[in-house]
Each structure stands twice: as C-alpha cells, then as structure tokens.
Amino acid sequence: MPELPEVETVVRDLRKHGLANTIILGIDVRWSRAVSGLAPAAFAKALIGRAVTGVTRRAKYIVITLDSGSRLLIHLRMTGKLRFIPAGERPGKHDHVVITFDGQRRLVFNDTRKFGRFLLCPASSDPFAKLGPEPLEDTFTVAALRGRLEGKRRMIKPLLLDQATVAGLGNIYVDESLWHAKIHPERRADTLSPLEIRRLHTAIRAVLRRAVENGGTTLGDGAANFYSVAGHRGRNADALNVFRRDGLPCPHCGSPLARMTVGQRGTHFCPACQPLLISPQTGHSA
DNA sequence: AGTCTTGTTCGACT
DNA sequence: CAGTCGAACAAGAC
C-alpha cells in the first residue's frame with residue numbers, strides 16, 4: 001500500500017535508473033482504464049517523442065515532468081508497481097501500461113487490483129490544488145498542523161487520512177503516528193491540546209522520515225505488497241510498533257495492542273497508551 | 001465457493 | 001458548508 005515513503009522510494013529509484021533526460025519512444029496501453037481521461041491513442045500521441053525533464057513526488061503521486069510542459073502523474077493506489085523489464089521480455093498478467101524509453105529501457109506498470117491511474121496534466125492545470133502540505137517539508141510546522149486541525153470536529157484518524165489535511169499519509173503511518181503521539185484515533189480534532197498537536201507533528205515527521213530512510217514498508221509476501229522499482233522490499237516493517245500487531249504487547253507499556261474499525265478502516269492502537277477518556281477538568285486526554 | 005479485505009475518491013445524504 | 005456514509009474499483013486470501 002504505497003503511502004508517502006513508498007512513493008518517495010519509487011521516485012528515487014526512477015531517478016537512479018536515469019529516467020530523467022530520456023525520450024519516450026513508445027506507449028503501450030494494455031488496459032485502457034489505467035489511463036484517466038484520455039483514450040489510449042490520444043495518450044500515446046501526447047507522450048511519444050517527449051523528453052522527460054524530471055521525476056518528483058507530490059503526496060502519493062509520482063510526477064514525471066515533460067519538455068512539453070505537461071506532467072504525467074502516476075498514482076499507484078493499493079497494488080500498483082513500476083519496474084523495468086529487459087528488452088525481449090513480454091509483459092505479463094496485470095501489466096497494464098508499458099513505456100519504452102530510448103536506450104531500450106522499458107518501464108512497466110503492474111497493478112493487480114487495477115486501482116492505480118496514469119493522468120496526463122496540461123501545464124495550465126493544477127492537479128494538486130486541493131492537497132494539504134508536504135509533511136517532510138520545512139513549511140510543515142507545528143503551527144501549520146494546528147491550522148489544519150483548527151475547528152475540525154472530525155475524528156483525528158479520518159482527518160489525517162484526508163489528503164487535504166496533510167498530503168501523503170495512509171493507514172499504516174497514521175496508526176503509527178497516533179501511537180507515537182499517544183492519541184486515540186477517534187479523538188475529535190478540536191479537542192487536541194497544543195501539547196498533543198506538538199506530539200503529533202513530531203510523530204508524523206519522525207515516522208515518515210524513518211520509513212523513507214528504510215525504503216518503505218513491505219508487509220508479508222505476495223505480489224500485492226510493496227516492491228520498489230528495482231524489486232527490493234521495503235525495510236521498514238521492523239520499525240512498525242502497532243500496525244497489524246493487534247494482540248502483541250505494546251512496545252511502550254506492554255499491554256496488548258487492539259484493533260478496531262474507525263471510519264471504515266482497520267485501526268491499530270494501544271488502549272492503555274491512547275485512551276479516549278476526556279478529563280472534564282482540562283479537556284485533554286486523560 | 002462465498003466472504004472478507006484493502007485505500008482512495010466521489011457522490012449522496014444529513 | 002461540514003461531515004458522514006456507502007459505493008465503486010478488482011482480485012487474491014482464506
């Protein structure tokens with residue numbers, strides 16, 4: 001499930017493979033709905049002959065900038081993967097888009113669940129207008145987070161999963177961040193104390209930074225899990241403290257971790273470290 | 001063999 | 001408008 005750290009890992013991998021400064025020679029759309037908004041022929045026509053000028057990330061989007069000024073966005077959603085295949089190798093099952101670059105490089109988009117999308121955005125459009133701040137950039141200060149939570153009556157977990165609040169967080173890193181900050185996932189955002197917001201800010205950045213350093217999180221085996229462009233597993237699974245660890249002891253207090261559903265999402269937390277009780281005296285978590 | 005799981009977005013509804 | 005809820009997407013795991 002690629003979230004910010006996994007997408008960042010993919011983007012760095014693509015750069016490492018020298019994707020910037022290549023020319024797109026061919027596009028093979030093998031499943032047309034993998035491309036949003038354009039028919040395969042129009043998509044191919046817009047891309048073939050274009051030079052790639054850069055590869056970056058915004059939220060969970062891979063952003064491939066082109067010399068035409070437009071940008072090719074790739075969202076991996078749940079099971080999308082990019083990998084280079086050797087010349088001669090035939091695309092296989094769930095390989096939905098193949099891009100051929102100069103130098104015989106062929107990049108394949110593979111997606112078992114078919115949720116991932118390619119999106120071609122003209123230079124004039126701003127596809128990121130609704131996204132919240134990048135949590136690892138310097139502009140994401142405690143005050144910035146406080147501003148995002150201000151006046152919000154929603155539960156903190158669904159609010160953090162909303163890409164308009166903070167860009168790039170997903171289920172794994174929200175559960176991990178809330179555990180580090182000792183905040184119950186169902187806490188109403190506008191009941192968080194300044195101290196709790198500060199802890200949450202620190203937690204989000206530490207959790208994401210570590211996951212990026214570890215090349216993302218890969219849980220279990222199987223094709224549906226995260227693999228970087230080079231086919232490597234993420235090494236961050238060992239750094240997780242609560243995600244999918246219900247029943248195991250809390251690394252902080254030793255009491256069993258719990259699982260519940262919050263906003264229709266599987267949610268992992270420590271009932272002892274992250275209590276929901278509100279003290280009437282302070283309005284802060286007990 | 002049917003049910004569950006999984007993340008995100010979007011539309012409908014309150 | 002803010003927020004909640006369910007649908008839709010698709011296929012593998014169990």
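Fair warning: this is a prediction, and the values are worked out from it, not measured in the lab. Order of the sequence lines sets the chain letters (A, B, ...), proteins ahead of strands, with each chain counted from 1.
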Enquirer: So does A:Ala167 get a backbone contact from the side chain of A:Glu134, meaning a donor-acceptor N/O pair under 3.5 Å?
Expert: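 A pair under 3.5 Å: no.
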
Enquirer: How does protein contact run along nucleotides 9-14 of chain C, one letter per nucleotide 5' to 3', with B for base contact, S for sugar-phosphate only, - for none, heavy atoms under 4.0 Å?
Expert: BBBS--

Enquirer: Hey, are A:Thr218 and A:Asn225 close enough side-chain-wise for a donor-acceptor pair under 3.5 Å?
Expert: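 Looking only at side-chain atoms, A:Thr218 and A:Asn225 do not form any donor-acceptor pair under 3.5 Å.
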
Enquirer: Please list, pair by pair, any protein nitrogen or oxygen found under 3.5 Å from a nitrogen or oxygen in nucleotides 10-14 of chain B.
Expert:
none

Enquirer: Taking only residues at least two apart or on different chains, which pairs with a member in residues 148-163 of chain A satisfy salt bridge (charged side-chain N to carboxylate O under 4.0 Å, His left out)?
Expert: A:Arg154-A:Asp162, A:Lys157-A:Asp175

Enquirer: So, for A:Tyr61 and A:Phe128, is the gap between ring centers shorter than 6.0 Å?
Expert: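 Yes: the rings meet the under 6.0 Å criterion.
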
Enquirer: Reckon A:Arg244 touches a base, only the sugar-phosphate, or nothing at all at heavy-atom distances under 4.0 Å?
Expert: sugar-phosphate

Enquirer: Indicate yes or no: at least one non-hydrogen side-chain atom of A:Val108 is less than 4.5 angstrom from one of A:Phe84.
Expert: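 The answer is no; the side chains never approach within 4.5 Å.
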
Enquirer: So which of A:Thr22, A:Leu14, A:Val97, A:Ile85 actually passes side chain to side chain contact (heavy atoms under 4.5 Å, CB included) with A:Leu107?
Expert: A:Leu14

Enquirer: Is the A:His75 to A:Phe118 ring centre distance short of 6.0 Å?
Expert: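 So the answer is no for these two rings.
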
Enquirer: How close or far is atom P of C:dC5 from atom CG of A:Leu159, stated in whole angstroms?
Expert: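 Spelled out: CG on A:Leu159 to P on C:dC5 is 15 Å.
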
Enquirer: How long is the line joining CG of A:Leu76 and C1' of B:dG7, in whole Å?
Expert: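 That distance rounds to 12 Å.
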
Enquirer: More than 12 heavy atoms of other residues, nucleotides or ligands under 6.0 Å from CG of A:Asp126: yes or no?
Expert: yes

Enquirer: Please tell me if the side chains of A:Leu136 and A:Ile204 come closer than 4.5 Å, counting only heavy atoms from C-beta onward.
Expert: no

Enquirer: If you write DNA chain B from 5' to 3' in dot-bracket form, with Watson-Crick or G-U pairs under 3.5 Å, [ ] for crossing pairs and | for pairs with another strand, what do you get?
Expert: .|||||||||||||

Enquirer: Can you tell me whether the side chain of A:Glu3 and the base of B:dG7 have a donor-acceptor pair closer than 3.5 Å?
Expert: no

Enquirer: To the nearest angstrom, how far is A:Leu119 atom CG from B:dT9 atom P?
Expert: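 Whole-Å distance recorded here is 12 Å.
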
Enquirer: Please state how far atom NE2 in A:His75 lies from atom C1' in B:dT6, giving the value in whole angstrom units.
Expert: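 Computing the A:His75:NE2 to B:dT6:C1' distance gives 14 Å.
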
Enquirer: Are A:Tyr227 and A:His232 close enough that their ring centres sit under 6.0 Å apart?
Expert: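 They do not qualify: ring centres at least 6.0 Å apart.
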
Enquirer: Please list, one pair per line, the donor and acceptor atoms closer than 3.5 Å that link side chains of residues 28-50 of chain A to other protein atoms, with sequence neighbours excluded.
Expert:
{"residue": "A:Arg30", "atom": "NE", "partner": "A:Asp95", "partner atom": "O", "Å": "3.1"}
{"residue": "A:Arg50", "atom": "NE", "partner": "A:Asp67", "partner atom": "OD1", "Å": "2.6"}

Enquirer: Take atom CG of A:Asn225 and atom P of B:dT6, then tell me their distance rounded to the nearest Å.
Expert: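 In whole Å, B:dT6 P lies 12 Å from A:Asn225 CG.
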
Enquirer: Does any donor atom in the side chain of A:Thr9 or A:Ser228 lie under 3.5 Å from an acceptor atom in the other side chain?
Expert: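 On atom types as modelled, these side chains do not qualify, holding no pair under 3.5 Å.
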
Enquirer: What are the residues of residues 146-158 of chain A, sorted by number, that bring a heavy atom to within less than 4.0 Å of DNA chain B?
Expert: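 Contacting residues: none.
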
Enquirer: Quickly work out the A:Glu6 CD to B:dG7 P distance and round it to whole Å.
Expert: 11 Å

Enquirer: Rounded to whole angstrom units, what separation is found between the CD atom of A:Gln264 and the P atom of C:dC5?
Expert: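 Those two atoms, CD and P, are 7 Å apart.
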
Enquirer: Does this structure show an ion pair linking A:Glu196 with A:Arg187, if we count only N-O contacts that are shorter than 4.0 Å?
Expert: yes

Enquirer: Do A:His180 and A:Leu200 have side chains that get closer than 4.5 Å, going by heavy atoms?
Expert: no

Enquirer: What's the CD1-P distance between A:Ile172 and B:dT6, to the nearest Å?
Expert: 11 Å

